[in-house]
Amino acid sequence: MILFFGTLSLCSAQRPAADDSLMRAFFNDSLADGYSRNDYAESLENAFNVLNAAETGSSLNWQVLDAKERMMANRKILRTLRKALRSRTNSGFRDLQLYGNLLEDIRRSNQDISRVFEDAEEQIEISRARIRAIIRDSIIVQMVKESISDTVRRRSRTAKLQSEYAYTSGKLKASLDSLHRWRAIAAMQSISVAEMIQKTDSIRQQTGIRAFSGDCAYLWQAGAETAVPDTAGSFMVNKDNHEIARYYVQKNSTRILWMPVVIFALFFRWIRRNYKRIRNQGYDIAGDIQLRYTRRSRVLLAIVASVSLFPLMDVYAPWFYLMLSQCVMMGALAWFFREGDARRLLPVWLLLLALLPAISITNSFEADLWQRCVLIGLNILSVIAGILLLPRIRYIPQFQRMVRFVTFAYIALNILAILSNLFGRMIVAEALTNAGIFGLGQVITLCVFVEAVIEAFYLQLLASRIKRGIQPVFDYEPIATSSRKLFFLFSLLLWGIMFMANLYMYGMTRDALTMLMKRSVSLGSLSFTVGNMVLFFVIIWIAHLLQRYIGSFFGEADDDDLESKKQRSRMMITKLVVICLGYLLAVAASGLPLDKITIVLGALGVGVGMGLQNIVDNFVSGVVLIFDRPLQIGDSIEVGENSGKVKSIGLRSSTLLTADGAEVIIPNGDILSNPITNWTLSNNQRRLELEFTLQTSESKEELLNIIKAALTGAPGLVPDREPSFYAEEVKEDEVKLKIHFWCNNISKSEWIKSEVRYLLYGAFRDKGIVVI
């Protein structure tokens, strides 16, 4: 090793150009110490391969450099957050919640950065260990000895190897020093983040205590005491908070900027595509009463749909972003309130739209006397706006009871805000004011959002039916009513999230629900959490909803105008797959161990053998009917004493629609256990029969010609099947006939028989034949 490093001093300090002269020159010399020429070649080649690989690994890759850039960005925002926490005069409760979330993000980011640095350092140490092994190789050592003993010829042959070793070792050491320095910075940042998280939690706790104990003087004493409040909208005036907001937007641009854009584009394209498909088929939707909003401005409606889902993106967004999105959403709705009965809502809506930025700007200043007086004035205007809105709620499309409740809550919150302001509870006053104005605007917007989604579903259903040539007029109200209930629950959840966030209660409520959902419950030997069971039932509920309404996307509706039997059968198979996958996912989400489920299924098998035979029999029979397809939806069948058209095939029972309009529900087991007469299994034709008693002396051939001539071109008959008749009774000047003919639509057989009866009667009368 001493010889090896001693020779390094004789080499050039810079890395020489690569050539193969070293190996060629070395192999021309004599060999020593029993090593063959191949031994020298292999060792030298291996040494250069190790050095080249180490040199490549010594360069810090893009992941390490990206981690360094993120670390520096975190370092910069940490300085800003530390400064904002030191001067809390402009830090509100929402700001503190945002600080806490950002610090948690930085903490997770630092952990990822440290792992990247640690992995890179480990790879460099491995490379250093490999190149250290080069100097312990006996052949390489022999080469160095020979180069020292023969300074004229041998030294140049090891110079390249030694130079490569020195260069690579230097690069590895420099990279390792950089990683050590960056890891130290990341470690210090982690310590700072932990301290700042603890400080933020402490300040937030103190702010909550001060909110109810009094953070300002009474209003009539405000001139004698300077208030130090925590205002909610401080992002509009504080330079540090501007920097924090910029960092937040950059870090969460995908979630809070691009996701609304994607939702807007998808919703707009969905509506526009269905409109185009409907118009290309020549259907006029201008007077369709089902379309109230989508006919006006699809762009603004897509904006409402995308911004309405904001609570799912981020609850603790900066205040300016939340206020801006709410103003955009309410401004878009103002356009829809210009026409029809909704015009009566427009003045009050514009007043609410003006109050929103006014309240936000007022809350951005320190709570001195004039700011508190202005806020009281805005609260009074808000109460007036709520009172004016109450008689106009009937012009809101749906969920009027919910809107009425929120309006009363809006009035009550503003009255409480005035009282809190008077008695020096400015944090409470601002929270109540913000929760009121945002809650009222959001609930009305969500009502329009629900109606917009329902109209979009209606367009999808209408376009699918028109494309397949199905009657576009159908009863959509049952589907709309069921869908509206689902979207009402979804909208109520969104509204509740934002309302609790504006009251600064979302985090506490979320933590309480999380603890409840993680609570373990034992039932005998089974153990599961409340959250797993809730998820189990939610997945099953969603699966049932999907299998019920998935046909609406393809033009299926509960009417008599059924499309092709193959399409309906495929739809039933799709529904079966959806419901089976839903149950499998629900079982997987429940967290129950498979061995326990096996025991339960074994016990269930005993129960099936004793008391659930009919249920299982009907279920299995339903699966057989769906896949074996002895009958399909739309078939006209006879089962036992029942006859009619198959309306639906379920997993337990099937429904027949009789000619009288009754719906007969038959268990699937009874269908398979009885003979089935399927009139439309392979075709939709049926032979019909009419009886006539004629007073005539015409021959058989003449009567057949009269019948054929009368039925030629008759509506509903199969053209390639000629009518025929049979004489049941023949007397002098009297013949009793049975006439047979084929119809092409069994569902219209009675109407076709009536038409044919009139045609034949007219033909016989024209020939002077008396029908008895």
Side-chain angles (χ1 to χ4, degrees), residues 468-474 559-565 630-647 656-664 674-772:
R468 291 182 172 85
I470 308 173
Q471 175 59 249
V473 179
F474 61 98
D559 53 17
D560 295 334
D561 194 4
L562 303 172
E563 63 264 35
S564 66
K565 296 185 293 182
L631 54 90
Q632 303 176 49
I633 296 176
D635 281 343
S636 295
I637 67 170
E638 294 178 4
V639 179
E641 299 179 354
N642 301 302
S643 63
K645 181 184 293 185
V646 180
K647 184 177 181 181
L656 294 184
L657 182 64
T658 66
D660 299 329
E663 295 182 356
V664 181
N674 289 305
I676 303 174
T677 302
N678 193 338
W679 292 99
T680 56
L681 180 61
S682 59
N683 58 68
N684 203 23
Q685 301 176 5
R686 181 177 181 179
R687 192 187 73 168
L688 302 179
E689 180 183 286
L690 289 176
E691 293 185 358
F692 283 91
T693 301
L694 307 177
Q695 189 175 358
T696 181
S697 58
E698 301 285 350
S699 65
K700 173 183 175 183
E701 289 76 11
E702 291 175 346
L703 287 176
L704 183 59
N705 291 333
I706 293 172
I707 293 172
K708 288 181 178 180
L711 299 185
T712 300
L717 298 186
V718 180
D720 56 348
R721 288 180 177 265
E722 295 184 351
S724 61
F725 73 89
Y726 301 94
E728 284 192 334
E729 190 175 337
V730 179
K731 298 179 181 179
E732 185 178 356
D733 297 334
E734 184 177 312
V735 179
K736 187 175 182 181
L737 301 178
K738 276 190 175 181
I739 302 174
H740 292 161
F741 53 94
W742 290 83
C743 70
N744 58 12
N745 190 343
I746 191 173
S747 63
K748 299 180 180 180
S749 58
E750 294 299 324
W751 175 80
I752 293 173
K753 286 177 67 175
S754 175
E755 293 295 318
V756 169
R757 185 178 284 111
Y758 275 106
L759 289 174
L760 291 175
Y761 178 78
F764 291 146
R765 184 186 58 187
D766 294 340
K767 296 294 184 179
I769 300 174
V770 179
V771 179
I772 301 176

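Quick note: residue numbers are just sequence positions, from 1.
- For E641, the CD atom counts as loosely surrounded, since its 6.0 Å shell holds 12 or fewer non-hydrogen atoms of other residues, nucleotides or ligands.
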- [ ] Let me see the working for K767 and E702 under side chain to side chain contact (heavy atoms under 4.5 Å, CB included), right down to the final yes or no.
- [x] CA-CA 10 Å; K767 296 294 184 179; E702 291 175 346; over 6 Å; no
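- Between A710 and L760, the closest heavy-atom pair is CB-CD2, 4.1 Å.
- Sparse packing is recorded around CD of E722, with 12 or fewer heavy atoms of other residues, nucleotides or ligands lying under 6.0 Å away.
- Side-chain atoms of L703 and L694, non-hydrogen and from C-beta on, do get closer than 4.5 Å to each other.
- Note: E689 CD to K738 NZ = 4.5 Å, rounded to the nearest 0.5 Å.
- With contacts defined as side-chain heavy-atom distances shorter than 4.5 Å, the pair T693/V771 does not qualify.
- The line from CZ of R686 to NZ of K753 is 8.0 Å long, rounded to the nearest 0.5 Å.
- Note: L737 CG to E691 CD = 10.0 Å, rounded to the nearest 0.5 Å.
- The shortest side-chain heavy-atom distance between V756 and L688 does not fall under the 4.5 Å cut-off.
- For the residue pair G716 and I752, the shortest heavy atom distance occurs at O-CD1, 3.3 Å.
- Summarising the geometry of I746 relative to S636, their closest heavy-atom pair is CG2-OG, 3.5 Å, with the distance given to 0.1 Å.
- To the nearest 0.5 Å, the span separating CG on N745 from CH2 on W751 amounts to 10.0 Å.
- Aromatic pair F692/F725: centroids not less than 6.0 angstrom apart.
- In this structure, the side chains of I707 and F741 stay at 4.5 Å or more apart for every pair of heavy atoms.
- The distance from atom OG1 of T658 to atom NZ of K645, rounded to the nearest 0.5 Å, is 11.5 Å.
- You'll find the side chain of N744 stays beyond 4.5 Å of the side chain of L717, heavy atoms only.
- Distance CD1/I769 to OH/Y761: 12.0 Å, rounded to 0.5 Å.
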